[in-house]
2 protein chains.
Amino acid sequence: MVVKRKSRQSGVQFTEDTADLVAERFRALAEPMRLRLLNALRPRARSVGELVGLTGTSQANVSKHLQLLYKQGFVDREKDGTTIYYRIADPMVFEMCDLVCDGIQQDLDARRARLNPER
Amino acid sequence: MVVKRKSRQSGVQFTEDTADLVAERFRALAEPMRLRLLNALRPRARSVGELVGLTGTSQANVSKHLQLLYKQGFVDREKDGTTIYYRIADPMVFEMCDLVCDGIQQDLDARRARLNPER
DNA sequence: TGATTATATTACTATATGGTTGTAAAACGA
DNA sequence: TCGTTTTACAACCATATAGTAATATAATCA
């Protein structure tokens, strides 16, 4: 069954509280190490130890970032003995990254065009 | 003419430098006042003074946030006398906000389901 | 039980940044 | 020219947070 996601398309009003909530979500993605963790989880679920190896940062640091991503609902986790596997909770996060990447590209193009007008 | 946006769909690899760039973009959106400014620009371009009135914060603060949004390519500006009009540079930013809002909703639903299993 | 492994947590430091205050710059009007 | 209006900028402070070091917790194994 295909679940149709009802998108709000800016139907509702944007209160200050809404701004706080949305900003909090964006903040979770506004950190290079967390983006690298999410990217490492792209192909499959991974243990904390794997993520430490893949990112090259400390175990405490990985754990801390994962807690934040978990609390924000970006990743899920599953326990197996002492090992804990983390996985992407919603691939929506990669749609957002793609949009950002597109934005970076477009911004570059626009700047280039401004420096080098007509031609 | 319709411009087809070529989306990278995760084709390229995600280096540390890429993570820094993407995080920087997200960081620009990870701030409630900047989100309120962008939202105020949604219907039309507005002067700095208008934005001060709409947000209720200081002129210096509005200006500072607008500089950051401008440098990141989220808004454009146009001068008319001493007045400067800012406008949304790419409505992509609202697509991202919509994705975040959907994420918040889904996360809420998921948490509710976890608290209230089967039923 | 005691040792080991895997993850989380706590306390701390250094840095980044949001908001304020005061001032500068630029365009306009009298 | 002088004053006014509009926006930008610089210096400052308070707070938030990324990373580290040390420790706690919990599960497994010998």
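Residue numbers begin at 1 in each chain, while the letters A, B, ... track the order of the sequences.
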**Of Gly81(A) and Ile84(B), the one whose closest DNA chain D nucleotide lies more 5'** =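 It is Ile84(B), whose closest nucleotide lies nearer the 5' terminus.
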Should [X] and [Y] count as side-chain neighbours, where that means a heavy-atom distance under 4.5 Å?
X	Y	answer
Met92(A)	Asp102(B)	no
Lys64(B)	Leu68(B)	no
Leu51(B)	Leu41(B)	yes

**Asked** Is the backbone of Cys97(A) close enough, under 3.5 Å, to the side chain of Arg25(B) for a donor and an acceptor to pair up by distance?
**Response**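 No, Arg25(B) side chain to Cys97(A) backbone: no donor-acceptor pair under 3.5 Å.
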**Asked** Would you say Arg36(A)'s side chain and Glu16(B)'s backbone share a donor-acceptor pair under 3.5 angstrom?
**Response** no
**Request:** Specify the separation, in whole Å, of atom CG of Asp80(A) and atom C1' of dT28(D).
**Result:** 12 Å
Mind checking [X] for me? I need base, sugar-phosphate or nothing, with any heavy atom below 4.0 Å counting as a touch.
X	value
Tyr86(B)	sugar-phosphate
Tyr85(A)	nothing
Ser63(B)	base

**Prompt:** Could you write nucleotides 15-26 of chain D as a row of B, S and -, 5' to 3', where a protein heavy atom under 4.0 Å of any base atom gives B, of only sugar-phosphate atoms gives S, and otherwise -?
**Reply:** --SBBBBB----
Please output the side-chain donor-acceptor pairs of residues 79-88 of chain B that fall under 3.5 Å, not counting sequence neighbours, one pair per line with the distance.
unit_1, atom_1, unit_2, atom_2, d
Tyr86(B), OH, Gln67(B), NE2, 3.3
Tyr86(B), OH, Arg77(B), NH1, 3.2
Arg87(B), NH2, Glu78(B), OE1, 2.9

**Message:** For the CE atom of Met33(B) and the CG atom of Leu69(B), what is their distance to the nearest 0.5 Å?
**Reply:** 12.0 Å
**Prompt:** Which value, rounded to the nearest 0.5 Å, describes the distance between Leu38(B) atom CG and Phe94(B) atom CZ?
**Reply:**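 So the CG of Leu38(B) and the CZ of Phe94(B) are separated by 6.0 Å.
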**Message:** Reading DNA chain C from 5' to 3', where do the contacts with chain B start and stop? Cut-off is 4.0 Å to heavy atoms.
**Reply:** dT17(C) to dC28(C)
